[in-house]
Amino acid sequence: MKTKYINLSILLGAMHLFAGCSDSFVNVEPKGTALEENYYRNAEEAFNGVIAAYDPLGWTNGFVVKTGCLNAASDDFFAGGGGPTDINAMQVWDDYSLDPVTGPQGEFWNRNYSGIFRSNILIQKLPEIDMSQAVKDRYMGEVLFLRAYYYFDMVRLFERFPLITAPIPTSDIFEVESSDRTAVFELIEEDLAASIELLPSTISGMEEAGRATRGAALALLGKVYLQQDKFGPAATELAKVNGTPGGANDFGYDLVDNYADLFSLDNEFNAESIFEISHNSTSQGNWGCIACTEGNPMSIMVAPRGYVINDPSQAPTFVSGWSFNTVTQSLVDAFVQGGTYDPRYATTITNIDSLEQLGIVSYTHAHENTGYFLAKFAGKEEEKTADGTVPFEINFGTNEYEIRLADTYLLEAEALVRGGGNVARAQLLLDAVRARVGLTPVPATFENIVAERRLELAGEGHRWFDLVRWGMAADKLGPRGYEDGKHDALPIPQSELDFSGTKLEQDPAY
């Protein structure tokens, strides 16, 4: 066997291990195992395969949460936590001391290749299944979208990795080589173009919430083009999603009136959500099987450590958490312009230090403490007791936005400005994002769009990708240890290279 990562994914494909998968996109239950040759006989089994392909989206094994790790790698947050080795995968990306052995790369590699292999199985099997052609087309659209999503993650996180488009026999596993990045982008674009033709424009109710739609595929294709500086095609695809800035579009998307409502458990899968990763508090994950949870540990991770409420009438109702993703002074300062706080500040950041000084709360000053915490995702007491699930720490139901409308507005505005497109439309897009929170217009320049993305999307895992894409990472992250030409990508996990005969070769920067 080659590695625990790629071969785990092959095993999941070959035996179709559905642990953590079900017929619900919100509440996930184990389904057991079935040998591949005896599976995919009908529509129900095909649907189970689709669920299996979605499942890695929400993986949070070992608390190596994608959003939290990306935050820690950016200039907006530190790793934080209880000490300099607490969730070490985050710590070493925070200070750029990561190496092929230590870092988050193993979990990201595992997550994405598990999704890729599960998608490949369905792409191969679906044409032969006796079922409704309309349903078959939709399922094919979904797994093509998912394969493109996972590969887009890989191409942004790694310099070298294999492009695998079909299930691999174990006899061929050592023949896998790193692929040309151009070929990877071509496959992503082809998969998304095909999925756009197959996916529905809308989904029906909460029972389908979290499934891919045509709008999500168009938005992802726009992001893929922008990643390659293909500004015209990016603007074209994103415009199909965005429609009239601040008005109608073909998919019913709309900016949520109240910015704070975006991060309310009562408002998940709202009109602004284009593609959202679902978590729930009903999977019964436990300390003996943290990987079994479908909850979102970010809620406990970013809440202040040792938090005690002394004055309930004035204190936020945060749970006592673990103090990860402490907020940098740089981000706090960005929210203050001319002595006035941006309206999104109170939703995004909470200043626990100032509350402690007033005697309203007390808390433990943990690693990389700044006194500022990520309020968007910090768990609340009322959320943990909603259904009595224990241990509550790993069973919060807080969802994550992969793509939302304000994001695509700003991406289209960027593509238009950088590509010499319709600057008047870019202005309308930027104005709409700012008007939602009561801010007056500023000129639609690249600099202003960069600043707006930072504030609008703070803490949602976009900043590091943006800095690398803009060529700004060395300037912003150099003081943290970032080296240009090396830290714009993660190394191949060493465990992928430790087997005799492998043709994979490490990124030379590592």
Check: Going by atom types alone, do Q357 and D353 pair a side-chain donor with an acceptor below 3.5 Å?
Finding: yes

Check: What is the ring orientation for F373 with Y363, classed by angle as parallel under 30°, tilted 30 to 60°, or perpendicular over 60°?
Finding: perpendicular

Would you mind writing out the side-chain donor-acceptor pairs for residues 332-340 within the sub-3.5 Å range, not counting sequence neighbours?
from, atom 1, to, atom 2, distance (Å)
D333, OD1, Q329, NE2, 2.9
Q337, NE2, A334, O, 3.1

Item checked: Within-4.5 Å side-chain heavy-atom neighbours: E189 and V224 -> yes

Check: Any side-chain donor-acceptor pair under 3.5 Å between T408 and N242?
Finding: yes

Margin query: My understanding is that only one of R434, R436, H462 makes a side-chain hydrogen bond (donor to acceptor under 3.5 Å, both in side chains) with E456; could you say which?
Written below: R436

Checklist line | Side-chain heavy-atom pair Y409, L255 within 4.5 angstrom cut-off | finding: yes

Notebook entry, point to check: Which heavy atom of A212 sits nearest a heavy atom of Y54, and at what distance?
Noted result: N-OH, 2.8 Å

Next item on the list: Examine F324 together with F63 and report whether their ring centres are nearer than 6.0 Å.
Entry: no

Notebook entry, point to check: Would you call R480-D95 a salt bridge at under 4.0 Å N-O?
Noted result: no

Notebook entry, point to check: Looking only at heavy atoms, what is the nearest atom pair of V65 and M298, with distance?
Noted result: CG1-CG, 3.7 Å

Item checked: Salt bridge flag under 4.0 Å for residues K66 and E402 -> yes

Checklist line | Residues H279, T60; criterion side chain to side chain contact (heavy atoms under 4.5 Å, CB included); working and verdict | finding: CA-CA 10 Å; H279 294 280; T60 56; 4.3 Å; yes

Next item on the list: Using distance alone, with no hydrogens and no angle criterion, decide if S114 and N110 have a side-chain donor and acceptor under 3.5 Å apart.
Entry: yes

Check: Are N310 and I360 side-chain neighbours, meaning at least one heavy-atom pair lies under 4.5 Å?
Finding: no

Item checked: Under-4.0 Å salt bridge between E460 and R404 -> yes

Note to self: Parallel, tilted or perpendicular, judged at 30° and 60°: which one describes the rings of Y341 and Y345?
What the structure shows: tilted

Check: Are E356 and H365 side-chain neighbours, meaning at least one heavy-atom pair lies under 4.5 Å?
Finding: yes

Check: Taking all non-hydrogen atoms of both residues, which atom of L429 and which atom of P245 are closest, and how far apart?
Finding: CD2-CG, 3.7 Å

Check: Looking only at heavy atoms, what is the nearest atom pair of P304 and I352, with distance?
Finding: CG-CG1, 4.2 Å

Item checked: Shortest non-hydrogen contact between D261 and N267, atoms and distance -> O-ND2, 3.1 Å

Next item on the list: Taking all heavy atoms of S195 and all of F145, pick out the closest pair and write down the distance.
Entry: CB-N, 4.0 Å

Next item on the list: Answer yes when D250 and R214 have at least one side-chain N-carboxylate O distance shorter than 4.0 Å, and no when they do not.
Entry: no

Check: On the ring face of F318, is K380 found with NZ or CZ under 6.0 Å from the centre and within 45° of the axis?
Finding: no

Check: Quick one: do E186 and R181 make a salt bridge, cutoff under 4.0 Å?
Finding: no

Next item on the list: May I have all residue pairs that pass side-chain hydrogen bond (donor to acceptor under 3.5 Å, both in side chains) and include part of residues 413-429, sequence neighbours excluded?
Entry: E412-R425, E414-R418, E414-R469, E414-W470, Q427-D431

Next item on the list: Determine the interplanar angle of the Y151 and Y113 rings, folded into 0 to 90°, and report it as parallel if under 30°, tilted if 30 to 60°, perpendicular if over 60°.
Entry: perpendicular

Notebook entry, point to check: When you check the gap from the basic side-chain N to the acidic O, do D507 and K486 get nearer than 4.0 Å?
Noted result: no

